[in-house]
Amino acid sequence: MARGDGIAVAVRGVGAVTALGSGVEALWAGLASGRRALSGEPLAGRIDRARARVELARRASDLERRALAPEELFLAFAFADALERAGLDARDLSGERTAVVVGTTKGALSDCERAFRRAAVERARPAGPLGSPAQFLAGAAGARGAVLAVSQACSSGTAAFAHGARLVSSGEVDRAVVAGVETLEPFIEEGFRSLRALDPRGARPFDRARGGLSLGEGAAVALLERATPGERGVFVRGWGGASDALHVTAPDPAGEGLARALRAALVRGAVPAREVAFVCAHGTGTVKNDASELKALERVLAGGEARVFSIKGHLGHTLGAAGAIDAVTAVLALERGAVPGTAGLEDPEPAGALRLPRTLEPIAGARFGLSANAGFGGFCSALAFEVVA
Amino acid sequence: VRPRASVTGFAALEPAPDTVPREGWRRLADPSRAELDPRSEDARFARLDRAARLLALVARRALGERAIAGDRSGLVLGTVVGSLEADERFDESRSLEGGPSPLLFPATLATAPLAELSIRLGLRGPVEVVSAGEASLLEAIALGVRLVEAREAELVLAAGLEVAARSSGALLGDAGVLCESAWGVVLESDGVSSRSKRGVLEVLAPDVAGEVSSLRSDLLGNRAGPELARAFAGREPRVVAVRDGLGFAAALRFTPDLG
């Protein structure tokens, strides 16, 4: 079962909360139907708080008795969703052999905004803006292994997945709770508006007429665990990171950094490029990102006919959460034998042998899928998954 | 056989002992253009914010004159406050008549100083920020060690950086007077280069870390910095570990190379 170096890493459960709804079933239903949920309506008011608190309430801590910050609510719900799907209780994860890795770009931003104005912050955040969500999730899981936040701009969630897989694969821990989370505060909306990066028609990834991104918020959580012999299901096979070292915001037009990250993931997982069935791509809908990304994918996956799709036309760009939500989508695609199309895509960019589906397509018999993300600064990460039926 | 991670460079920036606190922080001196790169005009210097300049300076001190550009060279930064100071500057610009500054927004990413440094040094390997409370510096170094051991990189510059921000008191709670600092460790796969090799670092399970009672919690994520400096200067193997009161912990063992 083991491919490449190290211990095989099984994906035991995934959870999510996005603009498409609460839970991975709502995520998949929305992706499969091609629904576009780009209104930017805050998620916090739509989450089933009672369900989010189920797991927290089981723990002997004060977590359940205080108000949750928006990013904590997202994580709590996605964590409960992942546990439920894995058939686990949070108590199963307690202890020194469990790590927690959370990807985010702004973390506890709502409380930071209050602090900027010297307004009262309801609860001090001694772990700082980035570390606070990781501290919260570690408390919810009772994890006492490595606990950390990872920030890598818009590939933060991917890097968090990669680090969790790295820790399990090396034998440092038996399991890792990995996550990505981001809340959409006015701070972020105004920033992207100042960059003129938003498409008023909504993101149209990989479309010739694309005009920018749509913002979103949410979280995804996955439980990664040391695989058992003969186990079936989805496995994290490889991961890779690289950077362009070229520009503080724009991607390398040739996609060199992303191509290196993708190749590293394939090599680590011993995954043949021509057997990759799909890529859940970064696909933000900006002119530069999508062009750069397609160049990288065409080069790395030459000889194959992988389907390439982006979910940002469905649920917006969730920044530090995006890589985790994309990774969870890749897991769901392998489990369900289908890939969603790219919502908003009408006139696809030329992409060589790559296929850019607009609607749901079956991928019966597929073994390997990738997810990949790139962020400001030219930082790129990629993940390779395999389903064993 | 897994490669080991050797320490081949180290530097620390701390305020002078008589530095008077301002807005709750003892601050580092602002780096000059000549300190960052005495050989050139350094056209990028003017666009660097303070965090990027401090990171570039500690990198230069740790690396000396060495060129480390390449696809196998990575960069990891540990921090608690992250981009809080840059966030404040962007936030202030939001009330301007013309709207917020598009020039300031990219700096609100904690990775922004790394973007500048990766461009400056040509680092095209893995680059990321980690945050793990008072274990942040150790966790950044631990990630660098893991990247080398797993052959994901051959050289990693692992750093810790805490930069003064006015809102830190309100956000972090009553943390008293805090201290800016920057720490940099150069890690290399053994066999790549033995130049200036100080010894080998290994990651230990965090449960070896006991609660640290040192008085330097003012260093935030860089709390282990002084212990690390003592380990690198010593002639005996030494464990450097931090467990803070928030659930973050990390531990490393340094074995000096006495050959």
Side-chain angles (χ1 to χ4, degrees), chain A residues 5-6 96 105-108 111-116 118-119 121 124-131 134-135 138-139 144-153 159 163 166 170 172 187 190-196 240-249 256-257 260 264 375-379, chain B residues 69 71 74-75 79-84 87-88 90-91 94 99-102 105-106 108-112 114-116 118-119 121-133 136 139 142-143 146 149-150 152 167 170-175 203 205-207 220-221 246-250:
Chain A
D5 293 339
E96 283 81 11
T105 69
K106 300 306 297 177
D111 275 341
C112 290
E113 289 215 63
R114 289 189 191 93
F116 297 154
R118 304 288 207 278
V121 174
R125 300 298 197 100
L130 298 174
Q135 183 199 6
R144 292 195 299 277
V147 175
L148 66 152
V150 170
S151 197
Q152 198 189 51
H163 192 52
R166 185 183 287 124
S170 67
E172 283 190 60
F187 182 100
E190 291 175 32
F192 277 95
R193 207 172 295 131
S194 76
L195 295 174
R196 301 178 194 277
S243 57
D244 292 336
L246 204 63
H247 195 275
V248 291
T249 53
E256 288 292 345
R260 281 199 308 281
F376 275 7
F379 306 136
Chain B
D71 294 353
L75 176 59
T79 182
V80 168
V81 298
S83 59
L84 208 53
D87 293 353
E88 290 167 357
F90 174 75
D91 186 63
R94 291 167 67 192
S101 165
F105 185 59
T108 65
L109 288 166
T111 43
L114 284 71
E116 293 287 359
S118 67
I119 294 168
L121 300 179
L123 308 178
R124 296 187 293 273
V127 176
E128 50 199 280
V129 165
V130 300
S131 188
S136 293
E139 199 65 76
L143 176 52
R146 291 170 179 130
E149 289 181 345
E152 295 183 58
S167 52
L171 184 71
L172 304 178
D174 183 14
V203 181
D207 53 7
L220 292 170
L246 306 174
F248 298 103

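We use all heavy atoms of the structure for the numbers below, so side chains are in, but hydrogens, waters and symmetry mates are not. So that the names make sense, note that chain A is the first sequence line, chain B the second, and so on, each numbered from 1.
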For a quick test of reading the model, state the closest non-hydrogen atom pair linking Ala245(A) to Ser118(B) and the distance between them. CB-O, 3.4 Å
Counting heavy-atom pairs closer than 4.5 Å to chain A, which one of Val80(B), Asp87(B), Asp71(B), Leu109(B) comes out on top? Asp87(B)
Of all heavy-atom pairs linking Ala127(A) and Phe248(B), the shortest is CB-CE1, 3.7 Å
Measuring heavy-atom distances to chain B, does Glu190(A) have an atom under 4.5 Å in its side chain, in its backbone, in both, or in neither? both
Region of Arg125(A) in contact with chain B, defined by heavy-atom distances below 4.5 Å: both
If you take all heavy atoms of Leu246(A) and Ile119(B), which pair is closest and at what distance? N-CG1, 3.6 Å
Is there a donor-acceptor pair under 3.5 Å between the side chain of Ser243(A) and the backbone N or O of Pro126(B)? no
The interface call for Thr108(B) against chain A, heavy-atom contacts under 4.5 Å, is both
Given a strict heavy-atom distance threshold of 4.5 Å, which part of Asp244(A) is in contact with chain B: side chain, backbone, both, or neither? backbone
Measure distances from Leu123(B) to the heavy atoms of chain A and classify the residue's part below 4.5 Å as side chain, backbone, both or neither. backbone
Could you check whether any side-chain heavy atom of Leu84(B) comes within less than 4.5 Å of a side-chain heavy atom of Phe116(A), counting everything from C-beta outward? yes
List in chain and number order the residues that pass side chain to side chain donor-acceptor pair (under 3.5 Å) with Ser151(A), two or more places apart in sequence or in another chain; answer none if no residue qualifies. none
At a heavy-atom separation under 4.5 Å, does Val81(B) approach chain A through its side chain, its backbone, both, or neither? backbone
Rounded to the nearest 0.5 Å, what separates atom CZ in Arg124(B) from atom CD in Glu256(A)? 9.5 Å
Look only at the side chain of Gln152(A) and the backbone of Val127(B), and say whether a donor-acceptor pair between them is shorter than 3.5 Å. yes
Those residues that, when tested against Glu139(B), pass side chain to side chain donor-acceptor pair (under 3.5 Å) (two or more places apart): Arg146(B)
Using non-hydrogen atoms only, which part of His163(A) is less than 4.5 Å away from chain B: side chain, backbone, both, or neither? side chain
State, to 0.1 Å, how close Ala115(A) and Ser167(B) come at their nearest heavy-atom pair, and which atoms those are. O-CB, 3.5 Å
Could you tell me which portion of Leu114(B) (side chain, backbone, both or neither) has an atom closer than 4.5 angstrom to a non-hydrogen atom of chain A? both
So do Ser83(B) and Lys106(A) actually touch side chain to side chain, heavy atoms under 4.5 Å? yes
